2 protein chains.
Amino acid sequence: MSPRKFFHPDAAELTLHRILFALSDPTRLAVVADLKDGTEHASGNLLADSVPRSTMTHHLKILREAGVTRTRPEGMRCLISLRREDVDARFPGLLDAIMRHGNADEPPMATTRTTMR
Amino acid sequence: MSPRKFFHPDAAELTLHRILFALSDPTRLAVVADLKDGTEHASGNLLADSVPRSTMTHHLKILREAGVTRTRPEGMRCLISLRREDVDARFPGLLDAIMRHGNADEPPMATTRTTMR
DNA sequence: GATAATGTACGTTCTTCGTCGTACATCGTA
DNA sequence: TACGATGTACGACGAAGAACGTACATTATC
């Protein structure tokens, strides 16, 4: 069996509007806030009880494909981390400005379908 | 006749994910890049020939309702400007980080329907 | 190999977005 | 008041997003 593989864009391919789009969703903003400490987090622990697994997979894919996060398989789980260096190199100060705020507004809100994007 | 009126959110109501969403589109990013100098720009001059008027109205509405720009009617035209102080106050460094980059990636591209959001 | 744990793929449904044309409204001026 | 200039409202269309359940895949362990 081939090990699980995940597409990650090269650092040079990151585009501003894609990154901003990835961060324009409250759930994904909350994920990124969790990753703020720079360590790897098991995907199963992110917003664990408020979001179904398949939904979380969806959001993590968008973050990953925008180049905001890195996903690394480890045993049965996936470890997620911020691609801080890459994003910082291309868009200095962007993550700082966004994460300084945390995710005070619009908490991910449990099971309510987010009608406002 | 009542003068034209435009809804602008209060500075305190700005939310991060709405601002990021407003800036997650190449066309709107290009508009903001034009406004970088801090002066008022007639809406008709923004990306003048590359975007139809009704489309520009749409984008300006999203920027305005996210609190990124201010729209002020002046005679027959509308003058658009950045709400720099308000955004900076709430999300310090955000606009700087975004506008430092300009809009190098993904130019607004004339008439091509942007399939990739 | 069988099983449980974890995560992905896929399909569905509903909503929103981006684009634009056309019709209407507003404003200044002749 | 009529006209031209400018901008909005509205509707249409195709595309994408967000949410989720279910089925499948991968991994470690028994």
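Protein chains get the first letters and strands the later ones, always in sequence-line order, with residue 1 at the start of each. Keep in mind the model is a prediction, meaning the values are calculated, not measured.
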* Donor-acceptor contact present, side-chain A:R90 to main-chain A:L14, <3.5 Å -> yes
* To do: Mind checking B:R53 for me? I need base, sugar-phosphate or nothing, with any heavy atom below 4.0 Å counting as a touch.
  => base
* Measure from NZ on A:K5 to P on D:dT27 and round the result to the nearest Å. => 13 Å
* **Protein-nucleotide distance (A:M56, atom CE; D:dG17, atom P), rounded to Å** => 18 Å
* Closest contact, heavy atoms only, A:P9 versus A:A66 -> CG-C, 4.2 Å
* Asked: Do B:H41 and B:S43 have a side chain donor and acceptor closer than 3.5 Å?
  -> no
* Do A:H59 and A:T57 have a side chain donor and acceptor closer than 3.5 Å? -> no
* Judged by atom type as modelled, is there a donor-acceptor pair below 3.5 Å linking the side chain of B:H8 to the main-chain atoms of B:G67? -> no
* Structure fact -> With sequence neighbours left out, the residues meeting side chain to side chain contact (heavy atoms under 4.5 Å, CB included) with B:S81 are B:E40, B:R70
* Nearest-Å distance for atom pair NE2/C1', residues B:H17 and C:dT16 -> 13 Å
* Asked: What is the distance, rounded to the nearest whole Å, between atom CZ of A:F21 and atom C1' of D:dA15?
  -> 12 Å
* Asked: Going by heavy atoms closer than 4.0 Å, what residues in residues 58-68 of chain A are next to DNA chain D?
  -> A:H58, A:H59, A:I62
* To do: Please determine if A:D96 and A:K36 form a salt bridge, counting it only when a charged side-chain N lies under 4.0 Å from a carboxylate O.
  => no
* d(CD, B:E74; P, D:dT8) in whole Å -> 15 Å
* Asked: Under 6.0 Å from the CZ atom of B:R77, do we count more than 12 heavy atoms belonging to anything else shown?
  -> no
* Closer than 4.0 Å, any side-chain N/O of B:S54 to the OP1 or OP2 of C:dC20? -> no
* Does D:dT8 have OP1 or OP2 sitting under 4.0 Å from an N or O in the side chain of B:T57? -> yes
* Nucleotide nearest B:P52 when distance is taken to its side chain, options C:dC20, C:dG18, D:dA19 -> C:dC20
* To do: Give the angle between the helix axes at the two ends of the helix from C:dG1-D:dC30 to C:dA30-D:dT1, taking five base pairs at each end and rounding to 10°.
  => 20°
* For B:F6 and C:dT26, what is the distance between atoms CZ and C1' respectively, to the nearest whole Å? -> 10 Å
* Would you kindly give the CG-to-P distance between B:D49 and D:dT6, to the nearest whole Å? => 12 Å
* Side-chain N,O (A:R28) to OP1/OP2 (D:dA18) below 4.0 Å -> yes
* May I have the distance from A:L79 (atom CG) to C:dG7 (atom C1'), rounded to whole angstrom? => 12 Å
* Structure fact -> A:M76 has its side chain closest, among C:dA5, D:dG7, D:dA9, to C:dA5
